[in-house]
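Beneath this line is the structure, given in structure tokens, with notes to follow.
Just so we're on the same page: letters track the sequence lines, and every chain starts at 1.
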Amino acid sequence: MQRLNLITWNINSVRLRQRLVERLLLDEAPDVLCLQETKCPNEQFPAAAFRKLGYGHLALNGNSGGHRGYHGVAILSRVPLSDVTVRGFCGKTDGRYVRATVTLGGAPVAIHNFYVPAGGDEPDPALNPKFEHKLAFLDEMLSFLPRACEAPGIVVGDLNVAPYEMDVWSHRQMLRVISHTPEETTRFEAAREAAGYVDLGRRFVPHHERLFTWWSYRNKDWRKSDRGRRLDHVWAAPQLADRASSFRVLREARDWPRPSDHVPVVATFEA
DNA sequence: ATGACGGATCTAATCCGA
């Protein structure tokens, strides 16, 4: 493969939105699609439908057991996947990470697909166990990524943190709102820097421009109010970031029928 | 000004998302 076209998308139920995934595969023809919040046990993943469209290679870490109906990540590919690995974070097996390797220009590229915990409402880890879990997850990413990212790769997913001022609709009003608190954003940046990877979104879109990938279902008119956040990310090893030829946020998908509240993020890498 | 929406689940009301 001489070019890698990669998409990450929090689908918010892959079974409910199977048709939207098919539409994306047909419209964008990515080589690899990373999904989060599949909300789907592995045995119920609609693999046959995607295989028909040419995506016959799968890496799944679906929800199971006590996490029925929540979480779940998947990598779909039209090129072979090797080194498929599932890992639990914070001592849980809750479907938040899957890795697979593809080949670009004869060299392996590891793809790390994450669904970071949302963290609940109350931004105090002493009062809110979900926020405590999120901070612990980010801390574990900090210790995990340096070794995992030694092999050149790409970290993608719904990372559930909007690190910069123009990654949220109001920096001032969001500082005490989970996804943009300093406790999260400092850990988030530390984890990325420990990996030595590049924030591809901000390599392509300057820091003074707003860039969002998620808009709440609760807004009456998401486009008009534009109270979004940048929660979905693509981080790339420096040598891959230098070969990135495009980066796009598919905002139009927010208006597809019965949409996800997240939109797909597309990145292209040349060999 | 906080939106008051939408998904899954032991189908009715609850948990969760962020």
Between B/dA4 atom P and A/Trp215 atom CH2, what is the distance in whole Å? 19 Å
For residues A/Glu37 and A/Asn12, is any side-chain donor paired with an opposing acceptor at under 3.5 Å? no
What I want to check is whether the side chains of A/Ser179 and A/Arg229 have a donor and an acceptor closer together than 3.5 Å. yes
Can you tell me, in whole Å, how much space there is between the C1' of B/dA4 and that of B/dG17? 14 Å
Inter-nucleotide C1' distance (B/dG7, B/dA12), Å rounded: 15 Å
P atom, B/dC15 versus B/dT11: distance in rounded Å? 15 Å
A/Leu16 vs A/Gln173, nearer the 5' end of DNA chain B by closest nucleotide: A/Gln173
Would you classify A/Ser216 as touching base, sugar-phosphate or nothing, given that sugar-phosphate means primed atoms plus P, OP1 and OP2, and contacts are heavy atoms under 4.0 Å? nothing
Carboxylate-amine/guanidinium proximity below 4.0 Å for A/Glu270 and A/Arg243: no
Would you kindly give the CG-to-P distance between A/Asp226 and B/dT2, to the nearest whole Å? 19 Å
Spacing of the P atoms in B/dA1 and B/dA18 (rounded, Å): 27 Å
Measuring only the P atom in each nucleotide, how far is B/dT14 from B/dC10? A whole number of Å is fine. 16 Å
Assess the side chains of A/Asp232 and A/His262: does a donor N or O sit below 3.5 Å from an acceptor N or O? yes
Once side-chain contact (heavy atoms from CB on, under 4.5 Å) is applied, do any residues pair with A/Ala49, and if so which ones, sequence neighbours excluded? A/Gln18, A/Glu22
Taking CZ from A/Arg227 and P from B/dT2, how many angstroms apart are they, rounded to a whole number? 9 Å
Stepwise, does the side-chain hydrogen bond (donor to acceptor under 3.5 Å, both in side chains) test hold for A/Asp199 with A/Trp235? CA-CA 5 Å; A/Asp199 173 1; A/Trp235 297 346; 4.9 Å; no
Once base and sugar-phosphate atoms are separated, protein heavy atoms under 4.0 Å mark nucleotides 10-18 of chain B, 5' to 3', with B, S and - as S----BSBB
List the atom pairs, with distances to 0.1 Å, where a side-chain N or O of residues 104-114 of chain A and a protein N or O form a donor-acceptor pair under 3.5 Å, not counting sequence neighbours.
from     : atom 1 : to      : atom 2 : distance (Å)
A/His112 : ND1    : A/Tyr97 : OH     : 2.8
A/Asn113 : OD1    : A/Gln36 : NE2    : 2.8
A/Asn113 : ND2    : A/Leu35 : O      : 3.2
A/Asn113 : ND2    : A/Ala74 : O      : 3.0

Could you check whether A/Trp222 gets within reach of a base, just the sugar-phosphate, or nothing at all, counting any heavy atom under 4.0 Å? nothing
Would you indicate what A/Arg258 reaches in the nucleic acid, counting non-hydrogen atoms under 4.0 angstrom: base, sugar-phosphate, or nothing? sugar-phosphate
Whole angstrom value for the distance that separates P of B/dC5 from CG of A/Asn219: 11 Å
What interatomic distance, in whole Å, is found between C1' of B/dG3 and the corresponding atom of B/dT9? 26 Å
On DNA chain B, does the nearest nucleotide to A/Asn12 precede the nearest nucleotide to A/Val177 from the 5' side, or the other way round? Give the residue. A/Val177
Rounded off to whole Å, could you give me the CE-to-C1' distance for the A/Met174 and B/dA1 pair? 15 Å
